[in-house]
Undergrad: 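Pasting in a structure now, in structure tokens, and then I'll have a few things to ask.
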Amino acid sequence: MKSKSILLFLFLFSFLIIISCKKKYNPEEEEVKRLKTADSLVTLAYKKFESKDSEAAYRLCVEVISKCPGFSRATTLMGKIKLEDEDYSSAISLFTAAIDNQGIMQPHEMSEVYLKRAFAKESIKDYRGALADYNLLINSFDSGIAYYHRGVLKYNYLEDTNGACSDWSTAGERGNKRAYDLLSKFCNN
């Protein structure tokens, strides 16, 4: 009888230890782990992209999107790959998705997305759409590079020399030295 009591005690003691050690499910903790994994995969994808392995980078981004729909850093990289492949419509769609799902993107990352989307729109001759993106970029980030490119767009495609010159002047004031070359070449006649 005494041995049965000891066995029962050991069994119950062991059971209580197992239950107390068992980790409870925490959905917030799982979400953090999922996002860290996605971020790690996107970081690897960027390394692949930088080493000119766009196919591997794209596959990694697709994997991330399948696990974390709308993960903006992955969508942005996919857009860059499509832009590089001259698939401008897909690039625009992907950049738009990245903008719509900004999530944890830093301001400099967002400004790059708008800039890349504007380039893609220019490439398909959607000059008004590109102008709208440059305007958003300027209004949101006061970007010298956006003033520079908006000036190029105005000069080359919108026949707005005065607007182009004004943009290049502002771009130069904001540190874009190339803008001064265009100012002296096209505006100071």
Side-chain angles (χ1 to χ4, degrees), residues 39 42-43 45-55 57-58 61-62 64-65 70-189:
D39 199 49
V42 171
T43 299
Y46 268 95
K47 288 178 183 175
K48 295 282 186 187
F49 179 68
E50 290 164 4
S51 68
K52 307 295 182 210
D53 190 356
S54 294
E55 283 184 36
Y58 198 86
C61 289
V62 168
V64 168
I65 297 298
F71 196 79
S72 54
R73 287 190 61 229
T75 311
T76 298
L77 181 54
M78 291 169 74
K80 288 179 184 182
I81 292 167
K82 291 297 183 180
L83 184 62
E84 193 175 81
D85 291 342
E86 298 179 359
D87 182 353
Y88 302 117
S89 295
S90 294
I92 291 166
S93 295
L94 288 161
F95 291 137
T96 300
I99 290 166
D100 291 344
N101 298 304
Q102 323 182 9
I104 58 172
M105 291 181 78
Q106 299 296 317
H108 70 278
E109 292 171 312
M110 280 311 303
S111 67
E112 181 185 23
V113 172
Y114 278 109
L115 190 64
K116 297 286 187 187
R117 188 172 75 171
F119 291 159
K121 287 179 178 180
E122 276 188 62
S123 297
I124 62 168
K125 297 180 173 48
D126 178 8
Y127 303 125
R128 295 291 171 192
L131 182 65
D133 278 349
Y134 289 131
N135 290 340
L136 278 167
L137 188 54
I138 286 167
N139 292 334
S140 299
F141 302 100
D142 196 29
S143 166
I145 192 82
Y147 279 104
Y148 175 85
H149 286 288
R150 187 174 75 174
V152 171
L153 176 72
K154 286 178 177 180
Y155 188 85
N156 288 333
Y157 303 110
L158 302 178
E159 300 176 11
D160 182 4
T161 303
N162 290 336
C165 294
S166 175
D167 281 350
W168 291 331
S169 177
T170 304
E173 291 167 6
R174 287 180 174 53
N176 189 310
K177 303 301 179 206
R178 296 182 307 164
Y180 290 126
D181 294 335
L182 296 178
L183 267 171
S184 66
K185 187 174 181 179
F186 299 110
C187 301
N188 293 334
N189 295 333

Undergrad: Could you please spell out the steps behind the side chain to side chain contact (heavy atoms under 4.5 Å, CB included) verdict for Tyr147 and Ile138?
TA: CA-CA 7 Å; Tyr147 279 104; Ile138 286 167; 3.2 Å; yes
Undergrad: Just how far is it from atom CD of Glu50 to atom NZ of Lys47, taken to the nearest 0.5 Å?
TA: 9.0 Å
Undergrad: In the structure I gave you, are the side-chain heavy atoms of Tyr148 and Asp167 within less than 4.5 Å of one another anywhere?
TA: no
Undergrad: Above 12 or not: heavy atoms from other molecules or residues under 6.0 Å from CD of Glu109?
TA: yes
Undergrad: Counting only heavy atoms not in Lys154, do more than 12 fall under 6.0 Å of its NZ?
TA: yes
Undergrad: What's the shortest heavy-atom distance between Ala74 and Cys61, and which atoms?
TA: O-SG, 3.6 Å
Undergrad: Quick one: OH on Tyr88 to CD on Glu86, what's the gap to the nearest 0.5 Å?
TA: 4.0 Å
Undergrad: Carefully, step by step, assess Lys80 and Tyr46 under the rule side chain to side chain contact (heavy atoms under 4.5 Å, CB included).
TA: CA-CA 10 Å; Lys80 288 179 184 182; Tyr46 268 95; 3.6 Å; yes
Undergrad: Could you check whether any side-chain N or O of Ser184 sits under 3.5 Å from a backbone N or O of Asp181, counting only pairs where one atom can act as donor and the other as acceptor?
TA: yes
Undergrad: Should Asp160 and Tyr155 count as side-chain neighbours, where that means a heavy-atom distance under 4.5 Å?
TA: no
Undergrad: Which value, rounded to the nearest 0.5 Å, describes the distance between Ser143 atom OG and Leu115 atom CG?
TA: 6.5 Å
Undergrad: Output, in order, the C-alpha distance, side-chain angles, deciding distance and verdict of side chain to side chain contact (heavy atoms under 4.5 Å, CB included) for Phe141 and Met110.
TA: CA-CA 9 Å; Phe141 302 100; Met110 280 311 303; 3.7 Å; yes
Undergrad: Using residues 121-137 as the side-chain source, report each donor-acceptor pair under 3.5 Å to any protein atom, sequence neighbours left out, with the distance given to one decimal.
TA:
| from | atom 1 | to | atom 2 | distance (Å) |
| --- | --- | --- | --- | --- |
| Lys121 | NZ | Asp133 | OD2 | 3.3 |
| Glu122 | OE2 | Tyr134 | OH | 2.5 |
| Ser123 | OG | Phe119 | O | 3.0 |
| Asp126 | OD1 | Gly129 | N | 2.9 |
| Asp133 | OD1 | Arg117 | NE | 3.3 |
| Asp133 | OD1 | Arg117 | NH2 | 2.6 |
| Asp133 | OD2 | Arg117 | NE | 2.8 |
| Asn135 | OD1 | Arg150 | NH1 | 2.5 |
| Asn135 | ND2 | Leu131 | O | 3.3 |

Undergrad: If every non-hydrogen atom of Ile81 is compared with every non-hydrogen atom of Ser54, which pair is closest and at what distance?
TA: CD1-O, 3.7 Å
Undergrad: Could you measure the distance from the CZ atom of Phe95 to the OG atom of Ser72? Nearest 0.5 Å is fine.
TA: 12.5 Å
Undergrad: Short question: side chain of Thr75, backbone of Phe71 - any donor-acceptor pair under 3.5 Å?
TA: yes
Undergrad: Test your reading of the model: is there a side-chain donor-acceptor pair from Trp168 to the backbone of Ala179, 3.5 Å cut-off?
TA: no
Undergrad: Under a 3.5 Å distance rule, please check whether Asn176 uses its side chain to pair with a backbone N or O of Gly172 as donor and acceptor.
TA: no
Undergrad: Do the side chain of Ser169 and the main chain of Cys165 share a donor and acceptor less than 3.5 angstrom apart?
TA: no
Undergrad: Rounded to the nearest 0.5 Å, how far apart are NZ of Lys116 and CD of Glu84?
TA: 9.0 Å
Undergrad: Of the non-hydrogen atoms in Asn101 and Gly70, which two are nearest, and what is the gap between them?
TA: CB-O, 3.2 Å
Undergrad: What are the two closest non-hydrogen atoms of Gly151 and Ala164, and how far apart are they?
TA: O-CB, 3.2 Å
Undergrad: Output, in order, the C-alpha distance, side-chain angles, deciding distance and verdict of side chain to side chain contact (heavy atoms under 4.5 Å, CB included) for Tyr58 and Lys82.
TA: CA-CA 9 Å; Tyr58 198 86; Lys82 291 297 183 180; 3.5 Å; yes
Undergrad: Within a strict 4.5 Å, meaning less than it, do heavy atoms of the Ile65 and Met78 side chains meet?
TA: yes
